[in-house]
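Computed from heavy atoms alone, side chains included, the values below leave out hydrogens, waters and symmetry copies. For ligands, and for the atoms within them, numbers begin at 1 and follow the listed sequence. Please read all numbers here as calculations on a predicted model, not as lab measurements.
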Amino acid sequence: MNHFDLREGELFCEDVALADIAQAVGTPVYVYSTATFERHYTVLRDALQAEGVRDPLIAFAVKANSNLAVLKTLARLGAGADTVSEGEIRRALAAGVPPERIVFSGVGKTRAEIAFALDTRVSEINVESEPEMIAIAQVAEGLGRRATIAFRVNPDVAAGGHAKIATGKSENKFGVSFAEAERLYAQASNNAWLNPVGVACHIGSQITDLAPMAEAFAKMAGLVGRLKGEGLSVERLDLGGGLGVPYFNQPEPPSPADYAKVVAQATRGLDVALAFEPGRVIAANAGVLLAQVVHVHERPEGRRFLVLDAAMNDLLRPAMYDAYHDIRAVRPRVGETKPYDVVGPVCETGDTFTRDRSLPTFETGDLVAFMSAGAYGASMASEYNSRPLVPEVLVKGADFAVVRPRPSYEEMLAREASAPWL
Ligand code: LLP
C-alpha cells in the first residue's frame, strides 16, 4: 500500500497535491511519502516478529534510496543500514543510524574503506572473498583493532528476475562458496585480528517467487549448523534483501507475511540473530518521479511521442533493465486513451521510458508521475547531458520539504576546475 492517491481527479502524495510541488520546486522532481516509508518498514518488521523472529536487524539498503532525510525517517524507526561504500557509511551515520546497526557489504572494498569501517566501528564487514579477508586482517592489525566479520556466501541459486541484478549464482562476482566459507571461517577464527560472527547471503533483487529464497535460506541454515558442528561460534545470519514489489506488469510479489514465514521456517531452532537488507520493498512505492510534458509529437505515419522534461539520467531503470514503471497523469483526462512512446530529451534512443503504452491523453504542460520510483531512482541519477541533478522532496501529511535541492547551473559548473595550461 502507498499514499499516492487520486483525490477529486488529482494525484496527491499524502495530503499534498503533486501539482503544488511541481509549482513550487519545478520538474523533474522525486517526491517521497514519509507515511509509505514508515508503513513498509513496520509491516516488514511486524511480519518478522509475528513469526517469532526476535529483534531482527532491518538494515535498509542505502543504495536503494540514499537521501539523508529518507535515511533519517527510517533510522527513527530503528532501521539499520546496509552499506557498500564509505560514502554510504557516512550517509548512514549522518542520518543517525548507530554504527552497531550498520553492515558493510560489497565485493571491492578498498583498504581505506575497510579502515574507515573499522574506525567507525560498524557492526560487521561482510567479507566477499579470500583476498578481501586477508586485506581486512592486515588493515585491522595495522589499526590495532579486531575486525568483526561475516562471510557473504554465494548460495548458487537462480533467483529469477533481470540478469543484471541477479547475484546468487556461482558465476556472479558476489560472495564465497559454501566450501570456502567453511574453510575461511575456521581460518578467521584462528586469526587474532578477525572476529567471525556469522554468515550472509543476498541472491538478487525484485524477486517475485519465494522458492529460490527458501532454497537459499535452507542452504544457509545448513551452513550455520555445519559451522557450529565444527565448534565455531556463529551468532548472526544475514539473509539479505531482494523481495520484489508490484510494478503492475508482473505477477504480484509475495507479501512480507509470506516472506516472514519462509524465513521462520528456514531458521527455526538455529539460535542466531537474524539480519535483513531490504531496499526496494521499503522504498520503491514510497516515491514517484514527477515530470512535465514538453511536447506531444505525432509523426505522420502514426507514432506518438510524449516528450517529457525527465530523462534516463533522472530515472535510469527503463533504459538499463527495460524496467516497467506505471505512468500516470497527475490530472488524468477522462475518456479516450491513446498509445504513446514516452521519451526524455537525452540524445540517445535508449532514453525511452516505454513504447506504445496506452495512456490518457496528454497535452503540453501536463504533469506525469512515474510510479514506484522511490528505489533505485534518484540514487542512480546522473547529470548526463549536463542536466542538473534531479531534486528530491519529502512529504509528511500536509507538509513537504525539499530534501535535495536542484543545483543551479552556476553550482554545477563551479564543481569543476580548469587546468593550469588552459
Ligand atoms: N543487499 C545487498 C548486498 C545488495 O546488493 C542489494 C541490492 C540489497 C541488499 C538490496 O536489494 P533489494 O531489497 O533492494 O532488492 N539498480 C537495480 C537494483 C540493484 C540491486 C543491487 N543490490 C534496479 O534498479 O532494479
Ionic contact status for Arg7 with Asp15, cut-off 4.0 Å: yes

Salt bridge flag under 4.0 Å for residues Glu86 and Arg90: yes

N or O contact, Gly242 vs ligand 1, cut-off under 3.5 Å: yes

Inter- and intrachain pairs under side-chain hydrogen bond (donor to acceptor under 3.5 Å, both in side chains), touching residues 265-274, at least two apart: none

Contact with ligand 1 for Ala375, non-hydrogen, under 4.0 angstrom: no

Whether Phe362 and Tyr340 hold their rings parallel, tilted or perpendicular, with breakpoints at 30° and 60°: perpendicular

Face-on cation placement of Lys219 at Phe178 ring, 6.0 Å and 45° thresholds: no

Heavy atom of Asp82, distance to ligand 1 below 4.0 Å: yes

Structural part of His202 in contact with ligand 1, heavy atom criterion under 4.0 angstrom: side chain

Proximity to ligand 1 by part of Pro278, non-hydrogen separation under 4.0 Å: backbone

Met380: numbered ligand 1 atoms lying under 4.0 Å from its heavy atoms: 16 (N), 24 (O)

Ligand 1 N/O within reach of Ser105 N/O, cut-off under 3.5 Å: no

salt_bridge(Glu130, Arg183) N-O dist < 4.0 Å: yes

Region of Tyr321 engaging ligand 1 - heavy atom pairs below 4.0 Å: side chain

Geometric class of the Phe217/Tyr259 ring pair [parallel <30°, tilted 30-60°, perpendicular >60°]: perpendicular

Proximity flag Gly240 to ligand 1, non-hydrogen atoms under 4.0 Å: no

Atoms of ligand 1, numbered as shown, that sit under 4.0 Å from any heavy atom of Gly279: 12 (P), 13 (O), 14 (O)

Winner among Glu128, Lys63, Arg280, Arg152 once heavy atoms are compared against atom 18 (C) of ligand 1: Arg280

